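A quick write-up on the structure given underneath.
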Amino acid sequence: MNALIEDLKARGLIAQTTADEELHEHLSSGSRTLYCGFDPTADSLHIGSLVPLLILKRFQEAGHKPLALVGGATGLIGDPSFKAAERKLNSDDIVANWVDSIKKQVSAFIEFGEQDNAAEVVNNLDWISKMDSISFLRDVGKHFSVNAMIQKESVKQRIDREGAGISFTEFSYMLLQSYDFAALNKEKNCTLQIGGSDQWGNITGGIDLTRRMNQEKVFGLTMPLVTKADGTKFGKTESGTIWLDPAKTSPYAFFQFWITTLDADVYKFLRYFTFLTVEQIAEIEETDKNIKGRPQGQGILAREVTRLVHGEEGLASAERITEALFSGNLSNLSESDLAQLAQDGLPATDVNNDSASIVELLTSCELAASNKMAREFVNNGAVMVNGEKITDTEATITKADALFSRYTLIKRGKRLFNLFIWK
RNA sequence: GGAGGGGUUCCCGAGUGGCCAAAGGGAACAGAUUGUAAAUCUGUCGCGAAAGCUUCGGUGGUUCGAAUCCACCUCCCUCCA
């Protein structure tokens, strides 16, 4: 039995593998090369890609060589797997830009350098763009049966469902990804592909193609889809997707995302998203069972994952804001603390007058979408100004009332803040 | 190329001339309760203080009145070739 696979199993991180026993043997008998693909569908990855990224890292720590494939070519096509509808094509230059930013992000998780199992980032545009359409159809396409392809669960809803449909472009996606595996096997002796469970069809396609083109036996491993106990979608909040790019989701917002993890999910997420051992996590869970009130799991999860993604500094800034806003008294904050909060990525807005109505302030930032909503929030008692509840919709906030004549901190609801800076 | 079916407010989806800012569900938001949970209960959920205004793929038309009828355009789907 292979220790790494056993650990992944214990963490619940394995959905399916091909040739289970042979895979154990394969990984135990030497340093292997594996890859995972990341298609550029935006200028940043989001936390949905965190599980595969961390698994690449786990493999590397176990002595294997990870390849992060950025889909410069496949990103131009669009993966139809389990997607309800055909997607819009993005232009070459946009995708090329995305490839660059995603390359950088991916690089933060795995070690490069001189060691034998140093990571590499590859781009499938490098080999796919070299292939002409005749070779594609003769050398790759000939190995695929359309009969088999339309049977794949991943495209079923597009084929069966009334009102859906799939273009030849997206239908061919599987062939490109399959060819990636064969090409990486040939060039880099890559023998394992990992991915989310939605990639199973594409991965097995690649395994078959590699056997046919290269006469090589290669393996696949998929991770389960990350789900939440309440059935809502993982990775989204009221303010949208949680990105890995700190410019798109601040370390503070990122930290907050994890801190609000449901009790029912937190230990599972600790196993998925941290490098704490399963034994350590079991201990945390055991301790939490015996304390009344707030469990410690969410805090540990938030700290571990924020450190992994944003480093010690990002974690420190996230914790500073969290500490200031959620533990007790705002009046304890010094002027430099307040200045630091804005620096650390707490949403902040400049105000150019000496006074403004509460409604104006709320609508001038993300806290309220319209005057109507702003009034409703005030009426509901959802608005706090510098820690004091405001219930008068006509209230005026002045510079003179500001903390240090400069800062007004407004809270809407349980955990949404905006700092106003008077000029 | 031919025939047919569609595009409704964040999503799904009802609505075929006035009672429609538009059913229902989901998501979301606020309050109570709590642990910055869950569950539950209450309220909100186009804009506007209100009068009212803007919306049902687009443009134009019929009508006292249109999401609903007509014309053209556009995008999507299904089947046939």
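Because the structure is predicted, anything quoted here is derived from the model rather than measured. Below, read A as the first sequence line, B as the second, and so on, with proteins coming before strands; counting in each chain starts at 1. Every heavy atom of this structure was used, including side-chain atoms; hydrogens, water molecules and symmetry mates were not.
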- Message: Would A/Gln199 and A/Gln193 count as a side chain to side chain donor-acceptor pair (under 3.5 Å) here? Give the steps.
- Response: CA-CA 10 Å; A/Gln199 293 300 307; A/Gln193 180 179 180; over 6 Å; no

- Task: Nearest whole angstrom, please: distance from the P of B/rA28 to the CZ of A/Phe377.
- Result: 15 Å

- Note on the structure: Nearest heavy-atom contact between A/Ile110 and A/Pro66 is CG2-CG, 4.0 Å

- Query: So what does A/Ile259 hit on the nucleic acid, given a heavy-atom distance under 4.0 Å: a base, only sugar-phosphate, or nothing?
  - Reply: base

- Query: Rounding to the closest angstrom, what is the interatomic distance between B/rG26 and B/rA32 at atom P?
  - Reply: 24 Å

- In whole angstrom, give the distance that lies between atom NZ of A/Lys228 and atom C1' of B/rA27. 12 Å

- What integer number of Å spans the P atoms of B/rG4 and B/rC73? 16 Å

- Query: If you round to the nearest 0.5 Å, how far is CZ of A/Arg303 from CD of A/Glu312?
  - Reply: 11.5 Å

- Query: Between B/rG24 and B/rA14, how far is it from one C1' atom to the other, in whole Å?
  - Reply: 7 Å

- Task: Would you mind classifying the nucleic acid contact of A/Thr393 as base, sugar-phosphate or nothing, using non-hydrogen atoms under 4.0 angstrom?
- Result: nothing

- Task: List in numerical order all residues of residues 293-304 of chain A for which some heavy atom is under 4.0 Å away from an atom belonging to RNA chain B.
- Result: A/Gly293, A/Arg294, A/Pro295, A/Gln298

Donor-acceptor pairs under 3.5 Å, side chain of residues 381-395 of chain A to any protein atom, not counting sequence neighbours: which ones?
from: A/Asn386; atom 1: OD1; to: A/Leu409; atom 2: N; distance (Å): 2.8
from: A/Asp392; atom 1: OD1; to: A/Glu394; atom 2: N; distance (Å): 2.9

- Message: For B/rA37 and A/Arg415 - does any side-chain N or O of the residue sit under 4.0 Å from the phosphate oxygens OP1/OP2?
- Response: yes

- Message: With a 4.0 Å cut-off on N to O distance, would you call A/Arg320 and A/Asp337 a salt bridge?
- Response: no

- Item | Lys/Arg cation over aromatic A/Phe275: A/Arg58, 6.0 Å, 45° cone | yes

- Query: When the distance from CG of A/Asp265 to P of B/rG35 is rounded to whole Å, what number comes out?
  - Reply: 20 Å

- Message: Work out how far the P atom of B/rG15 is from that of B/rU9, and round it to whole angstrom.
- Response: 16 Å

- Item | Trace of the side chain to side chain donor-acceptor pair (under 3.5 Å) decision for A/Ser81 with A/Asp198 | CA-CA 6 Å; A/Ser81 301; A/Asp198 58 334; 6.0 Å; no

- Query: So do A/Asn97 and A/Asp43 actually touch side chain to side chain, heavy atoms under 4.5 Å?
  - Reply: no

- Item | Side-chain ion pair, A/Arg11 and A/Asp7, N-O less than 4.0 Å | yes

- Item | Length of the line joining A/Lys289:NZ and B/rA38:P, which is rounded to integer Å | 21 Å

- Query: Rounding to the closest angstrom, what is the interatomic distance between B/rU63 and B/rC11 at atom P?
  - Reply: 35 Å

Could you tabulate the donor-acceptor pairs under 3.5 Å formed by side-chain atoms of residues 290-302 of chain A, not counting sequence neighbours?
from: A/Asn290; atom 1: ND2; to: A/Glu286; atom 2: O; distance (Å): 3.1
from: A/Gln298; atom 1: NE2; to: A/Thr261; atom 2: O; distance (Å): 2.8
from: A/Gln298; atom 1: NE2; to: A/Asp263; atom 2: OD1; distance (Å): 2.9

- Measure from the side-chain N and O atoms of A/Asn2 to the backbone N and O of A/Ile5, and report whether any donor-acceptor pair falls under 3.5 Å. yes

- Message: Parallel, tilted or perpendicular, judged at 30° and 60°: which one describes the rings of A/Phe254 and A/His310?
- Response: perpendicular

Sub-3.5 Å pairs of nitrogen or oxygen atoms, protein against nucleotides 47-51 of chain B:
from: B/rG48; atom 1: OP1; to: A/Asn371; atom 2: N; distance (Å): 3.0
from: B/rG48; atom 1: OP2; to: A/Ser370; atom 2: OG; distance (Å): 3.4
from: B/rG48; atom 1: OP2; to: A/Lys372; atom 2: N; distance (Å): 3.2
from: B/rA49; atom 1: OP1; to: A/Arg375; atom 2: NH2; distance (Å): 2.7
from: B/rA49; atom 1: OP2; to: A/Arg375; atom 2: NH1; distance (Å): 2.7
from: B/rA49; atom 1: OP2; to: A/Arg375; atom 2: NH2; distance (Å): 3.4

- Item | Residues A/Lys104 and A/Asp245 bridged, charged N to O under 4.0 Å | no

- For atom P, what is the distance between B/rA28 and B/rA39, given to the nearest Å? 10 Å

- Message: Tell me the interatomic distance from A/Leu416, atom CG, to B/rC29, atom P, rounded to whole angstroms.
- Response: 9 Å

- What nucleotide, of B/rA37, B/rU44, B/rC29, holds the atom closest to the side chain of A/Glu376? B/rU44

Under 3.5 Å, which N/O atoms of the protein pair with N/O atoms of nucleotides 31-34 of chain B?
from: B/rU33; atom 1: O4; to: A/Lys414; atom 2: NZ; distance (Å): 3.1

- Separation between the C1' atoms of B/rU8 and B/rA66, rounded to whole Å: 14 Å

- Item | Salt bridge present between A/Arg406 and A/Glu335 (N-O < 4.0 angstrom) | no

- Task: Apply the test side chain to side chain donor-acceptor pair (under 3.5 Å) to residues A/Gln280 and A/Thr277: give CA-CA distance (whole Å), side-chain angles for both, the deciding distance (0.1 Å), then the verdict.
- Result: CA-CA 5 Å; A/Gln280 285 171 308; A/Thr277 64; 3.3 Å; yes

- Message: Between B/rU55 and B/rG7, how far apart are the two C1' atoms, rounded to whole Å?
- Response: 15 Å

- Message: Between P on B/rC29 and CG on A/Leu362, what's the gap in Å once rounded to a whole number?
- Response: 17 Å

- Task: Would you please enumerate the stems RNA chain B participates in, each stem being three or more consecutive Watson-Crick or G-U wobble pairs with both distances under 3.5 Å?
- Result: B:1-7 with B:74-80, B:10-12 with B:24-26, B:28-32 with B:40-44, B:57-61 with B:69-73

- Message: Using whole Å, what does the distance between atom C1' of nucleotide B/rC29 and atom CG of A/Asn379 come to?
- Response: 15 Å

